[in-house]
Amino acid sequence: MPDIQLAHILVVPLISAVFIALFLRQKGTLASLVSVAAAGLLCGLALYLIFGDGPKAAHVSYRWMELGAVTINMGFLWDANTATMLFVVAFVGFWIHIFSLGYMHDDEAKARFFGGLSIFMFSMLGIVFADNLFMIFIFWELVGFSSYMLIAHYHKTDEAAQACKKAFIVNRVGDLGFVLGIILTYWTMGTANITELEALAKVNPDKVTDTIGLLLMCGFLGKSAQFPLHVWLPDAMAGPTPVSALIHAATMVAAGVYFLIRVQFLINADVLSLIAWLGAAMALYAGICALTQRDIKKILAYSTLSQLGYMAAAFGLGYPGIALFHLTTHAFFKALMFLGSGSVIYGCHHEQDIFKMGGLAKKMPITAGTFGIGVLAISGFPMLSGFFSKDAILVAAKLHNLPVFAILMVAAVLTSFYMGRLYWITFLGKPNSDHSSHAKETPVTMWLPLVVLAALSVVGGQEAVPYIKELFNAFHHSLHDLHHAQGHDDAHQLLLILGSAAWIIGLGGSYIFYRAGSAEDNLEKNHPLVYKALKKALFFDPLYNFYVTKVQDRIALVIDVLDKLIVQALLVRGSAGLVYIGGLCTRMLHNGNLQLYSFWIALGILVFGAVALGWIGS
Amino acid sequence: MYPETVLPVAFAIPLLCAFGTLIFRRDIETVKNLAWIGFLLPFVISVYAFLNFHPDETGYAFLSNPVDTGLGQFGIHFQMGLNGISMPLYLLAGVVGLAAGIVAIHSNFKRLQLYLFLMLIMHSGLMGIFASIDIFYFYFFHELALIPTFIMIGIWGTHERQVAAIEMTIYLTLGALISLLGIIGLYVAAGDGASLNMIELKEHLAAHPIGKADQKTIYGLLLFGLGVLVSLFPTYTWAPRGYGAAPTSNAMLHAGVLKKFGMYGLIQVAAPLLPAGADAWSGGLITLALCNVVLIGFVVMAQTDLKQMVGYGSVMHMGYCFLGVATFSVTGIGGAVMLMVAHGMSVALLFLLSNYVQKRTIILDMPQLGGLASRTPVLAACFVAATMASIGLPGFGNFLGEFSIFNALWQHSGWVVALAATGILISAIYGLRAVSKVFFGEPSKRLAEHWEKDAPKDLDTWERVPVFLLLAFMLLIGMKPLLVSDGINAHTKALGYYSHKPGDVTLIAPNVAPVHSSQGIQAAPEHH
Amino acid sequence: MVASRSPVNSAMYMIATFVGMACLFVLLDAFFIAVLQILVYAGAVMVLFLFIIMLLDMDQREDLRHRTIPSMAAMIAFGLLLVIVLGFFKGKFEGEHLVEVQESASIAQVTDAQKWESGSSLPYSTKAKTFGYGLFSKYMLPFQVTGILLLVAMVGVIVISKPHKAKGEEAEPEEVL
Amino acid sequence: MQPIYQAFAADNPWSQILPEIAMVVLALALLMYDLFLKGERNRSGSIAIIGQLLIFCTLVMEGGRGEPGIHFGGLLENSPIGNFGRAFFVGCSILTSVLACTYLKRRLLARSEFHHITIIIAAAFMLLVQSHHFVLLFVALETATVGFYILVSYSRQSPLSLEAGLKYLILGALSSTILLFGSVLIYGAVGAGTNGLDAMNFSKIGGFVSMNQGDTLLRAGFLMIMAGLLFKVGALPFQIWIPDVYQGAPTPVTAYLSVASKSAGLLVMLQLLTGPFAAFQAFVTPLLSLIAILTIFFGNMSALSQRNVKRMLGLSGVAHAGYMLLGVIAAFHAPEMATKALFFYLVSYLLASYAVFGVMTWHAGKDDADQDLRSYIDFGEKQPVLSFILVVGLASLAGIPPLGGFIGKMLLFMAAYKAGLSTLLILAVVGVTISIYYYFGWMQEATFYFWKLKPEDEEKQKELEAKYPKPLCAGFVCTLVILTVATIAVGFFQGLIPVL
Amino acid sequence: MSIGIHEFLTISGLLFSIGMFGVLFRRNTIIMLMSLELMLNAVNLGLVGFSRHNNDLDGSLFVLFIITVAAAEVAVGLAILVTLYRQRNSVMADHLNLLKD
């Protein structure tokens with residue numbers, strides 16, 4: 001029964017997290033072992049489920065909460081997409097856990113870290129399995145929380161403190177639209193269950209409005225850090241590197257794309273093309289941003305953004321399967337590269353500036369080698385995993401939307417250019433600092449995951465490979481569509497040439513431009529104007545900063561002052577003061593003079609007499 | 001156990017213990033033990049009642065026998081019982097009561113005997129409010145719990161206590177009196193032979209409905225009276241000031257439990273008995289509640305004092321409850337109840353944790369804090385958990401409440417939902433800002449100097465117990481909402497709130513937005 | 001009387017007023033009351049007043065001229081009050097002359113004619129004897145109460161005027177401010 | 001003896017007013033005791049209290065209430081209002097005697113006479129609320145009032161007391177004259193229209209008034225009588241005497257004035273407005289409503305800025321008179337409920353007022369000096385029991401649940417709402433809220449300033465205490481505790497007050 | 001007889017108003033007391049007039065009570081006045097201002 005197994009898979013990391021939180025807070029090593037064991041267990045269960053003989057599709061749902069019109073179910077939807085995504089999460093996740101054992105070995109808050117990883121696994125799996133929009137949203141928020149918690153791991157640094165906050169809040173902006181979208185969907189379609197929604201959307205295509213699509217897209221924009229909500233991802237690199245690999249490269253940010261794939265039938269054509277454009281733009285924009293970065297992790301982060309743009313473009317072009325394909329391969333090689341960068345950082349004693357590295361290939365051969373495979377894979381080196389998925393996207397773009405295709409092509413060149421820049425400067429040449437000159441190869445817990453992921457990056461795109469074949473079940477439909485689209489073969493031929501040209505130009509160009517192991521940024525030195533112009537591409541951060549400090553906080557301040565002035569001072573104090581002044585006035589009447597007092601009585605008599613005579617009142 | 005005695009016993013125990021503390025006031029240990037009994041037993045009883053909650057066909061369980069205390073001729077009898085809506089709130093009272101009680105017992109106040117005496121009185125009132133079936137006693141117990149609050153703030157409060165206590169007193173008395181007028185109005189408008197017993201009154205009103213104009217007046221009185229008690233815009237200023245000045249355990253009980261009285265009154269009494277009135281006021285209520293959410297949201301963002309922030313934050317979240325009430329639907333009302341329960345626990349926890357922070361830092365001005373997480377990790381973790389709960393993270397009931405309310409509001413207007421939902425963003429902003437300012441980063445210079453002399457310690461055992469107690473129940477409700485939602489669902493439906501699934505609409509008229517709530521009021525009986 | 005600056009003069013005018021009042025009573029055939037008026041008011045009460053005024057040498061002259069505002073206010077109040085009070089009576093009993101008293105030969109004749117019920121009035125008579133009958137039959141209760149009232153007044157006057165002497169103590173000295 | 005006089009003489013069933021007679025006898029006995037039997041210690045207080053308690057018991061046990069109906073040739077009616085009033089006034093008088101014991105102990109004042117007058121006043125009030133005839137009404141009222149003139153100025157060493165007495169005397173006499181003038185107008189108007197009927201008898205007046213509602217003379221007389229009664233009640237615009245007189249009078253007398261005198265006026269007004277002048281209800285409703293609201297606001301607002309607690313309580317009493325007037329107006333439309341509510345209100349007001357005045361009596365020191373709010377600082381620390389009594393009493397006066405005052409107010413509001421006075425009630429509620437401020441302010445001074453007294457003030461207080469020791473007598477405290485317990489208990493078990 | 005009840009009532013009202021005027025106008029409390037007596041007399045006049053006009057004795061009997069009460073009142077009032085004068089050496093209304101806000 002897949003649902004029982006799915007439930008087991010879901011619960012294992014939760015139990016691990018709870019166990020760590022309750023009993024192992026002080027025992028970091030034990031906590032790490034528990035967490036890794038849980039990851040291993042769930043990975044094993046997942047592999048058994050994916051590659052075993054069980055049914056390929058299942059759907060089961062439990063009532064979790066009911067209030068009037070709103071019933072929230074906890075359900076499991078098991079199909080090809082789920083299987084592929086589960087593989088990515090469980091398998092990559094497991095190796096990242098292993099890597100963390102080494103990377104976080106000396107950390108003082110290991111227990112918190114591994115507890116967080118377990119929580120994350122739980123939440124992420126929840127999104128993967130969810131059979132309805134409500135459940136997706138619940139786990140969507142939970143991954144946001146685990147991401148927050150893990151980014152905040154080095155909370156003593158201001159950078160991390162700011163980054164975690166930013167990540168969560170920017171995500172919330174997206175979620176704002178997302179939650180509205182979900183509610184709108186629910187009230188329009190009458191259900192939140194994905195299977196039912198699919199059936200309904202097919203019957204009533206006119207109900208799938210632009211609004212639904214746009215609002216649901218907001219969630220994707222936030223979680224997958226797409227334009228204009230991309231600002232949080234580079235900052236999120238303040239977290240530990242395994243976290244960046246797991247959450248901010250392989251899985252969580254991809255959850256946005258996965259979600260879109262899940263609800264593809266709710267996105268109509270208009271919104272799809274918008275997503276395609278946004279994705280393409282992001283691919284290009286992130287590439288440009290990456291060019292000027294010095295921090296190894298930030299380069300990778302922008303690269304992630306760019307690749308997510310590719311996925312979005314693929315989805316927008318109407319090929320969700322290809323998007324998922326790219327998601328999978330990207331998970332492999334990007335996790336690989338992040339772990340590689342983690343290895344580098346670990347080796348260089350937490351130095352992250354690439355211009356202070358250099359010459360690491362000799363000192364850290366395994367890292368360098370596997371990282372190289374990653375670079376090649378992302379650049380689209382033939383027969384590596386990235387080649388297949390990227391090629392498919394570009395073909396699709398060529399066939400359906402030429403401008404997008406053009407943008408994506410430029411982005412592809414940029415990708416290989418900045419990846420080349422990263423690789424040449426970091427690994428080749430001579431060490432540029434003490435840190436890098438004393439670098440050593442990392443222990444086995446850290447390089448073994450690199451090797452495994454490198455292997456996956458190599459074979460991940462080959463349908464022919466035994467187990468990989470199972471993953472392709474999810475891509476078949478789209479790939480089939482693409483292969484049978486008009487003009488596919490020509491385009492494919494063209495792309496073989498253009499694609500190769502792209503990675504050759506990129507890698508070669510960057511070598512020529514930057515040289516191996518350069519200690520300073522040649523672009524900045526030789527072409528300061530260009531460099532500055534490119535730096536300007538980062539205008540979003542100042543813009544948002546401006547918004548937060550100059551607009552939002554000022555509004556808050558003004559409203560606060562108004563609150564103090566009008567409500568507290570005028571209404572509350574004012575009315576109290578009025579009564580008090582009234583009291584003082586009446587008090588003055590009691591001046592102790594008997595005659596004045598008798599005047600009161602006379603007044604009373606006069607009034608009463610006048611009333612009796614009918615002069616006053618009726 | 002005799003089910004009809006359970007609730008009166010739970011009400012009487014703290015009261016008796018309170019008078020016990022007066023008798024044994026010379027012996028502080030005995031007083032503390034008495035206080036333990038007075039807080040623990042109601043907790044046990046509330047959990048017992050929660051686990052054994054099987055309502056009969058009237059929707060009530062643990063009904064006690066009506067007792068005429070002298071006002072029987074005016075239709076007022078003392079009777080207790082629990083229904084699906086009051087059960088979770090009763091549990092809330094038991095849980096938060098115990099947590100606050102533990103905090104109070106372990107506080108080192110001067111004149112602790114008197115403090116515990118007042119806390120016990122207050123707790124006894126709380127155990128009475130949600131169990132009362134008679135509307136008069138429901139109000140009566142609220143006041144019984146309210147009065148000690150003023151005294152506690154006045155005597156044991158912080159620097160601003162005099163002003164805060166008096167402002168709070170005046171506001172809350174005004175609100176209580178206006179709502180009392182509303183209750184009286186309800187009684188009078190129901191005509192001769194009416195009773196203030198909720199069950200009987202409902203039947204009575206079904207036979208003798210109140211005119212529309214009367215309903216509007218009476219509901220207006222109840223709404224604004226109770227609204228003041230729940231800090232409806234613009235009568236909220238007492239809340240942050242009062243909570244800022246209140247001693248912690250008192251603030252926990254008041255903000256956590258007692259404040260829910262007003263909302264509970266609207267849900268349990270006002271709206272179901274005066275549907276036309278509720279409908280007439282719904283638009284205005286939504287506007288005010290949105291002000292609560294959005295305007296106060298901005299005000300919260302501007303706060304730099306941690307306790308003020310928590311206080312304003314609770315004002316803001318009450319806006320959601322009001323929105324839920326304004327929808328007059330099972331979903332909205334259910335969401336409001338859910339949110340009340342969850343918010344009650346989370347806000348109590350936040351007040352408690354803010355106090356712990358204050359103990360360790362002396363100052364509460366957030367820009368001057370920082371770096372506490374590395375020194376007191378458990379405190380930090382708990383604070384983050386509480387913040388997350390209050391900003392509506394799934395896994396805590398707050399989320400479920402807010403989510404249901406948004407859903408219910410959708411039937412009213414999409415734009416309202418959009419505006420209301422900005423609240424989740426606003427609360428995230430201020431909540432996380434607070435966390436990062438207080439716990440993350442490096443301590444400020446002033447703080448570092450202070451810590452050199454007096455290094456902060458993490459939570460000790462007796463500090464942890466109430467925190468974990470609250471967290472456990474928050475998670476329990478958040479993780480297994482069916483425990484409470486089924487009861488709420490059943491009873492809100494029984495009260496005649498408007499309920500239909502979106503599917504019903506789409507089948508009939510695919511392109512028409514769900515019907516407006518006013519039609520639902522008349523339609524409601526046919527639905528069930 | 002009210003406008004005279006000296007209290008003694010005021011008191012003298014007051015006596016004159018009372019005597020005039022007694023004449024009015026006589027005009028109304030209320031001889032008994034007229035006599036009482038002279039005896040009690042002019043004879044006792046006003047003597048008491050004069051006595052006190054003299055005793056305390058209280059004959060301070062009030063300067064009534066420099067208090068224009070209160071005086072004006074008092075005048076206005078007086079005017080309005082007069083208008084209102086006369087307004088009460090306006091159109092009432094105008095032109096109704098008093099009927100000659102039909103004094104019956106014996107009280108029995110009158111009373112037999114009238115059927116008694118709780119709440120019937122006493123027949124009119126100018127004879128002092130009927131006053132006695134009235135007081136001791138119908139108005140017995142208020143009459144007793146009046147007795148108590150006088151007792152209270154007496155006790156009160158004593159208590160207020162006489163310094164209290166506790167056992168074994170000297171009378172407290174009068175405090176004079 | 002002629003038949004009509006014989007008939008009248010035969011209709012004087014003295015057994016109907018045995019409690020009143022007993023009171024008078026007790027009062028006379030006190031004087032006798034003072035003259036002949038006084039030993040080393042003056043036990044007049046105990047005698048007065050025990051004697052009155054016995055009378056009170058017989059009244060409450062319904063033994064001494066007599067038969068309902070009209071007696072004494074139409075002068076006296078044995079009615080529910082009257083019977084409530086009888087027990088109520090005896091209760092007031094007992095409590096006044098208790099307070100007076102503590103008060104007199106510290107002063108060189110005649111004791112037996114004080115109790116004597118107190119008891120006579122109670123007896124007069126008892127007759128007043130039963131009176132069915134203007135002659136008895138006036139005589140009883142004047143007996144009580146003259147008694148009050150004496151009691152107010154009883155502390156003859158104190159110029160304040162005398163001044164208050166004189167002010168009360170002049171204004172009180174003025175108001176009685178006005179009342180008298182009114183009854184004369186009624187007498188004239190009614191007598192001219194009926195023949196052979198007693199024009200001062202309430203039933204006869206009622207019959208006449210219901211047929212001649214538009215008559216100016218009747219209206220004028222009615223309103224003048226109302227004015228006289230409103231003076232006693234302390235409603236606007238006849239409230240002006242209250243703060244001065246309350247401040248100057250000895251504290252037990254202030255209590256007596258504020259409870260008994262006010263209630264007497266109110267009960268008589270209720271009696272008149274539901275009896276002889278029932279036909280004027282519609283005519284007088286707007287005027288009374290206006291007066292009630294103005295009274296509530298005036299009382300509360302001027303009490304707000306007071307620092308002298310006696311004046312404050314006096315003015316708060318003005319506000320209470322306003323609430324009670326609401327009850328009177330409510331009685332026009334919902335007579336049964338409003339009457340019950342008023343009775344309940346009066347009893348709860350009595351319980352709370354005497355508790356508070358009791359504490360004040362004890363705290364006042366010599367010559368009623370410590371009546372400033374500041375003198376209550378640190379009270380909670382020094383006298384926890386008394387401060388508890390004070391707080392409960394004030395809270396009940398403020399109408400805070402779960403105390404008796406709240407139930408009274410609620411019942412009153414219920415009656416008023418039933419009578420359709422919802423708009424007035426909203427204003428009244430605002431008034432109550434204002435009142436919270438000063439009641440609470442006093443509680444604050446008394447209990448919230450623990451360990452907050454300035455050293456120089458402390459020294460001053462100590463000095464004062466050394467100079468004027470304040471012994472606390474067990475019976476006195478017991479009485480106050482009983483009052484407090486009753487206030488609380490009545491909040492929970494409203495049936496304890498048998499008026500419902 | 002040429003004068004009727006109306007004329008007596010007018011005189012009574014006049015006297016009542018004059019009495020009131022005296023209370024309002026004079027500062028000397030003794031004179032205030034005397035003015036009050038005057039007002040009571042005005043009432044008496046009215047009562048007797050009505051009694052005569054209505055042809056019953058109750059009004060006249062009431063007068064007796066009023067006279068008694070007035071005497072008692074005056075006695076108490078004068079006693080207070082005397083004691084007060086001894087302490088304060090004045091009985092002017094505006095000197096009696098120890099009690100005020």
Side-chain angles (χ1 to χ4, degrees), chain A residues 21 25 63-72 109 112 134 137-139 141-142 144-145 148-149 152 155-158 160-162 164-165 168-169 172-173 175-176 179-180 183-184 186-191 200 204 206-207 552-553 555-561 563 566-568 571-572 576, chain B residues 167 234 237 295 298-299 301-303 329-332 334-335 338 371 373-374 377-378 384 388 393-395 399-400 403-404 406-408 410-411 414 417-418 421-422 424-425 428-429 432-433 436 439-442 481-482 485-486 488-489 492-493 497 499-503 505-507 510 514:
Chain A
R25 284 192 308 274
R63 194 168 66 107
W64 188 60
M65 190 209 73
E66 183 177 352
L67 281 177
V70 175
T71 308
I72 301 183
R112 173 152 47 85
F134 295 157
F137 184 73
I138 287 170
F139 285 99
E141 290 290 297
L142 284 178
F145 165 67
Y148 169 80
M149 192 177 149
H155 54 71
K156 274 188 216 166
T157 62
D158 268 349
Q162 296 301 327
C164 63
K165 197 172 74 186
F168 197 93
I169 291 172
R172 268 272 158 126
V173 176
D175 294 347
L176 184 63
V179 74
L180 292 178
I183 294 173
L184 175 59
Y186 181 60
W187 286 98
T188 327
M189 311 293 278
T191 175
L200 277 173
N204 303 307
D206 51 334
K207 274 201 197 168
Q552 178 190 300
D553 282 3
I555 290 179
L557 214 61
V558 166
I559 292 184
D560 186 44
V561 168
D563 162 69
I566 294 179
V567 180
Q568 292 191 18
L571 290 182
V572 177
Chain B
E167 180 173 347
T237 51
L295 288 185
F298 277 105
V299 175
M301 283 209 284
Q303 300 305 312
S329 65
V330 173
T331 319
M338 198 75 158
S374 49
V378 178
V384 170
M388 285 296 163
L393 188 75
F399 161 76
L400 294 168
F403 190 71
S404 309
F406 292 156
N407 264 297
W410 195 268
Q411 293 163 284
V417 186
T422 52
I424 65 169
L425 183 59
I429 292 175
L432 296 184
R433 264 190 197 173
S436 72
F439 290 99
F440 296 164
E442 288 292 329
L482 273 186
S485 70
D486 271 352
I488 299 173
N489 208 14
T492 33
K493 276 183 187 155
Y497 282 111
S499 148
H500 72 199
K501 309 253 170 192
V505 187
T506 42
L507 289 180

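Excluded from the calculations below are hydrogen atoms, water molecules and symmetry mates; all remaining heavy atoms, backbone and side chain alike, are included. In what follows, chains carry the letters A, B, and so on, assigned in the order in which the sequence lines appear, proteins first and then strands, with residues in each chain numbered from 1. Predicted, not measured: the structure shown is a model, and the values here were computed from it.
Both the backbone and the side chain of B:Ser374 come within less than 4.5 Å of a heavy atom in chain A. Contact annotation for A:Tyr148: only side-chain heavy atoms (C-beta onward) come within less than 4.5 Å of a heavy atom of chain B.
Between B:Leu393 and A:Leu142, some side-chain heavy-atom pair lies under the 4.5 Å cut-off. By the 4.5 Å heavy-atom criterion applied to side chains, A:Trp64 and B:Pro481 are counted as neighbours. Side chains of A:Ile72 and B:Leu400 form a contact here, defined as non-hydrogen atoms less than 4.5 Å apart. Side-chain atoms of A:Leu180 and B:Phe406, non-hydrogen and from C-beta on, never get closer than 4.5 Å to each other. Side-chain contact check for A:Arg25 versus B:Pro377: every heavy-atom pair is 4.5 Å or farther apart.
Between the A:Trp187 side chain and the B:Asn407 main chain, a donor and an acceptor come within less than 3.5 Å of each other. Panel note: side chain B:Thr331, backbone A:Ala69; a donor-acceptor pair is recorded below 3.5 Å.
Contact tally against chain A (heavy-atom pairs below 4.5 Å) for B:Pro394, B:Ser436, B:Ala418: the top residue is B:Pro394. The choice from A:Ile559, A:Thr157, A:Val558 that makes the most heavy-atom pairs within less than 4.5 Å of chain B is A:Ile559. Among the candidates A:Asp158, A:Leu184, A:Val179, the residue making the largest number of heavy-atom pairs closer than 4.5 Å to chain B is A:Leu184.
A distance of 8.0 Å separates CD of A:Glu66 from CG of B:Leu482, quoted to the nearest 0.5 Å.
Not counting sequence neighbours, A:Asp563 has no partner by the salt bridge (Lys or Arg N to Asp or Glu O under 4.0 Å) test. Scored by the ring-ring contact (aromatic ring centres under 6.0 Å, His included) test, B:Phe399 finds A:Phe137, B:Phe403 as partners (sequence neighbours excluded).
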**Request:** Output, in order, the C-alpha distance, side-chain angles, deciding distance and verdict of side-chain contact (heavy atoms from CB on, under 4.5 Å) for B:Val330 and A:Leu67.
**Result:** CA-CA 7 Å; B:Val330 173; A:Leu67 281 177; 5.6 Å; no

